[in-house]
Amino acid sequence: MKKDRSNQKLTKADFEKFADYDTRFYGLFYTKTDNGIKVKIDIKRMKSTVGCTLSDKQIQIINQRRTHYFYPKKSEYEDYCCNMFADRIRDIQNYWEEHYKKLITYAKERIKKPKKIMPGNQMLLMQGIVEYDEAVMMSNWENYKNQYEYAEKCFAVVASLYASFIHQTASQIEAVTVLVLSKQNAMRDRFDRNTLYATAVGGDKKVDELPSFKYYDELYCLWNFIKHNSISTYEKLCSTYPELIYEDAEYKQGFPAFHIVKFSDELILELLCGCDSFFKEYCELVYKENYDEAQWNYGRYFLNMVKEQIELITNPIGLPWYI
């Protein structure tokens, strides 16, 4: 009968038999599988050879094992659903900070400001048809009208760009939601929010009871109003998040929604940060994932750590591979 060596404890002399470019020398054993890699680690050996610094929380989790070797909970970083959500939202936030916010400023600056009209610019004054006081009144009126039209153009351009970003954000968040639920075999070919809510059936609480659910729901209500421009979506937004609508605004069905919504940089960041928190709470509720632990408790994390040590030893000056 073949002897089971999966949990066989190796001595220091056993480890020294491996070459220093072999991960086993550092206490890490891995095999490739159809779903990634399977890793087991002799933590004591790795700490003494790699010099990795593990936090008290990491040590606490690692010490909960019942075997000599530590087996990371997942294989790859994206095996954690919370990481997939967090990465997508982080990408959206970076795009906002590095590109889109500047685009809004640039678009506003591209609108030509009206020149101030002076009484002397009035032809009727020059022709002696009107008095100077009348020319002043005519200039003031034209300046007021031009300034109003300029402000309206700026508002329409900026508001439409904000609305476009909200639409893009909600669409991307829904896309990653579909990706995660498909990966978890929680849906087939059709998605709505009830599909997401159903994944928490039998859990400790409902999805809409999570502390940060408000931000996810707010994004959806806003998105639906921008998309559909209907009385029903307007009334839903007004009844749930009235602070997003201008106080004296009157809405008629079919009127572009972005004209009466209070868009701002602060609103964008609030929605993104809030949705980030929501999905971390959701993944903890439904998939029992802790976001902090998901940043390190997977096989590739430890394998990369060992490979960096091997690279440091075998290529200390960092020469490219093709030399």
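In this structure, Asp56 places its CG atom where only 12 or fewer heavy-atom neighbours from other residues, nucleotides or ligands lie under 6.0 Å away. Environment of NZ in Lys47: sparse, with no more than 12 heavy atoms of neighbouring residues, nucleotides or ligands closer than 6.0 Å. Other residues, nucleotides and ligands contribute only 12 or fewer heavy atoms inside 6.0 Å of the NZ atom of Lys252. Around atom NZ of Lys101, more than 12 heavy atoms belonging to other residues, nucleotides or ligands sit under 6.0 Å away. Counting non-hydrogen atoms of neighbouring residues, nucleotides and ligands closer than 6.0 angstrom, the NZ atom of Lys206 reaches no more than 12 such neighbours. Counting non-hydrogen atoms of neighbouring residues, nucleotides and ligands closer than 6.0 angstrom, the NZ atom of Lys214 exceeds 12 such neighbours. Within a 6.0 Å radius of CG in Asp204, other residues, nucleotides and ligands contribute 12 heavy atoms or fewer. By the 6.0 Å contact criterion, CD on Glu247 is open, its count of non-hydrogen atoms from other residues, nucleotides or ligands being 12 or less.
Contact annotation: the side chain of Ile166 approaches that of Phe263 to within less than 4.5 Å [non-hydrogen atoms, C-beta and beyond]. Inter-residue side-chain proximity for Tyr241 and Cys221 is flagged as met; some heavy-atom pair is nearer than 4.5 Å. The shortest distance between side-chain heavy atoms of Ser182 and Met187 falls below 4.5 Å. Inter-residue side-chain proximity for Asp79 and Tyr298 is flagged as unmet; no heavy-atom pair is nearer than 4.5 Å. Considering only heavy atoms from C-beta on, Ile310 comes within 4.5 Å of Tyr26 through its side chain. Side-chain contact between Tyr246 and Lys262: present, with at least one pair of heavy atoms (C-beta onward) separated by less than 4.5 Å. Two residues are said to be in side-chain contact when any heavy atoms from C-beta on lie closer than 4.5 Å; Tyr21 and Ile313 fail this criterion. Side-chain contact check for Ile173 versus Cys275: some heavy-atom pair is nearer than 4.5 Å.
Side-chain contact annotation: Tyr282 with Thr199, donor-acceptor N/O pair under 3.5 Å present. Side-chain atoms of Tyr77 and Asp87 include a donor-acceptor pair closer than 3.5 Å. One side chain, Tyr162 or Asp265, offers a donor N or O that lies under 3.5 Å from an acceptor on the other.
To the nearest 0.5 Å, the span separating CD1 on Ile41 from OH on Tyr69 amounts to 11.5 Å. Annotation: the span from Gln295 atom CD to Asn297 atom CG amounts to 11.0 Å, rounded to 0.5 Å. Taken to the nearest 0.5 Å, the CG atom of Leu103 stands 12.0 Å off from the CZ atom of Arg110. Note that the CD1 atom of Ile43 and the CG atom of Asn63 stand 9.0 Å from one another [nearest 0.5 Å]. Atom CZ of residue Arg88 and atom CG of residue Asp276 lie 13.5 Å apart, to the nearest 0.5 angstrom. Here the CZ atom belonging to Arg45 is positioned 12.5 Å from the CZ atom belonging to Arg24, to the nearest 0.5 angstrom.
Under a hydrophobic-cluster definition in which Ile, Leu, Val, Met, Phe, Trp and Tyr are linked whenever side-chain heavy atoms come within less than 4.5 Å, directly or via other members, Ile59 and Trp296 are assigned to the same cluster. Both Ile37 and Met46 sit in one connected hydrophobic cluster of ILVMFWY residues. Membership requires side-chain heavy atoms under 4.5 Å apart, directly or through other members. Cluster membership check: Ile89 shares its hydrophobic cluster with Leu269, using side-chain heavy-atom separations under 4.5 Å among Ile, Leu, Val, Met, Phe, Trp and Tyr. One hydrophobic cluster, built from ILVMFWY side chains closer than 4.5 Å, holds both Tyr197 and Leu210. Cluster membership for Tyr216 and Tyr291, using ILVMFWY side-chain heavy atoms within less than 4.5 angstrom, is not shared.
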Going through the checks in order, is the side-chain contact (heavy atoms from CB on, under 4.5 Å) test met by Thr169 and Trp96? CA-CA 10 Å; Thr169 295; Trp96 164 257; over 6 Å; no

How far apart are the C-alpha atoms of Val261 and Leu222, what are their side-chain angles, what is the distance that settles it, and do they pass the side-chain contact (heavy atoms from CB on, under 4.5 Å) test? CA-CA 9 Å; Val261 175; Leu222 191 53; 3.7 Å; yes

Worked verdict on Asp292 versus Lys57 for side-chain contact (heavy atoms from CB on, under 4.5 Å): CA-CA 10 Å; Asp292 291 334; Lys57 184 63 177 179; over 6 Å; no

Going through the distances and angles, do Val306 and Phe25 end up as a side-chain contact (heavy atoms from CB on, under 4.5 Å)? CA-CA 10 Å; Val306 170; Phe25 176 84; over 6 Å; no

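Judged by a 6.0 Å distance limit and a 45° cone about the ring axis, Lys40 is positioned over the six-membered ring of Phe29.
When atom types are taken as modelled, the side chain of Thr33 and the backbone of Lys38 share no donor-acceptor pair closer than 3.5 angstrom. Side-chain atoms of Asp14 come within 3.5 Å of backbone N or O of Thr11 as a donor-acceptor pair. Glu289 contributes a side-chain N or O that, together with a main-chain N or O of Cys81, makes up a donor-acceptor pair within less than 3.5 Å. Put simply, the side chain of Ser239 gets close to the backbone of Lys236: a donor and an acceptor are under 3.5 Å apart.
Closest approach of Thr49 and Gln309 over heavy atoms only: O-NE2, 3.8 Å. Across Arg193 and Asp217, no two heavy atoms sit closer than the pair NH1-OD1, 3.0 Å. Across every non-hydrogen atom of Tyr71 and Val39, the tightest pair is CD2-O, 3.6 Å. Residues Thr195 and Ala186 share a closest heavy-atom pair of CG2-O, 3.8 Å. Nearest heavy atoms, Ser212 versus Ser277: OG-CB, 3.4 Å. Shown here for Asn229 and Ala257, the closest heavy-atom pair between the two residues is OD1-N, 2.9 Å.
Scored by the salt bridge (charged side-chain N to carboxylate O under 4.0 Å, His left out) test, Glu78 finds no partners at all (sequence neighbours excluded). With sequence neighbours left out, the salt bridge (charged side-chain N to carboxylate O under 4.0 Å, His left out) criterion links Asp20 to no other residue.
Tested against Trp223, the residues His167, Glu218, His228 include a single side-chain hydrogen bond (donor to acceptor under 3.5 Å, both in side chains) partner, His167. Under the ring-ring contact (aromatic ring centres under 6.0 Å, His included) test applied with Phe279, the options Phe85, Tyr80, Tyr215 reduce to a single match, Phe85.
Using bins of under 30°, 30° to 60° and over 60° for the plane-to-plane angle, the ring pair Tyr95/His99 lands in the tilted bin. Below 30°, between 30° and 60°, or above 60°: for Phe255 and His259 the angle between ring planes is between 30° and 60°, a tilted geometry.
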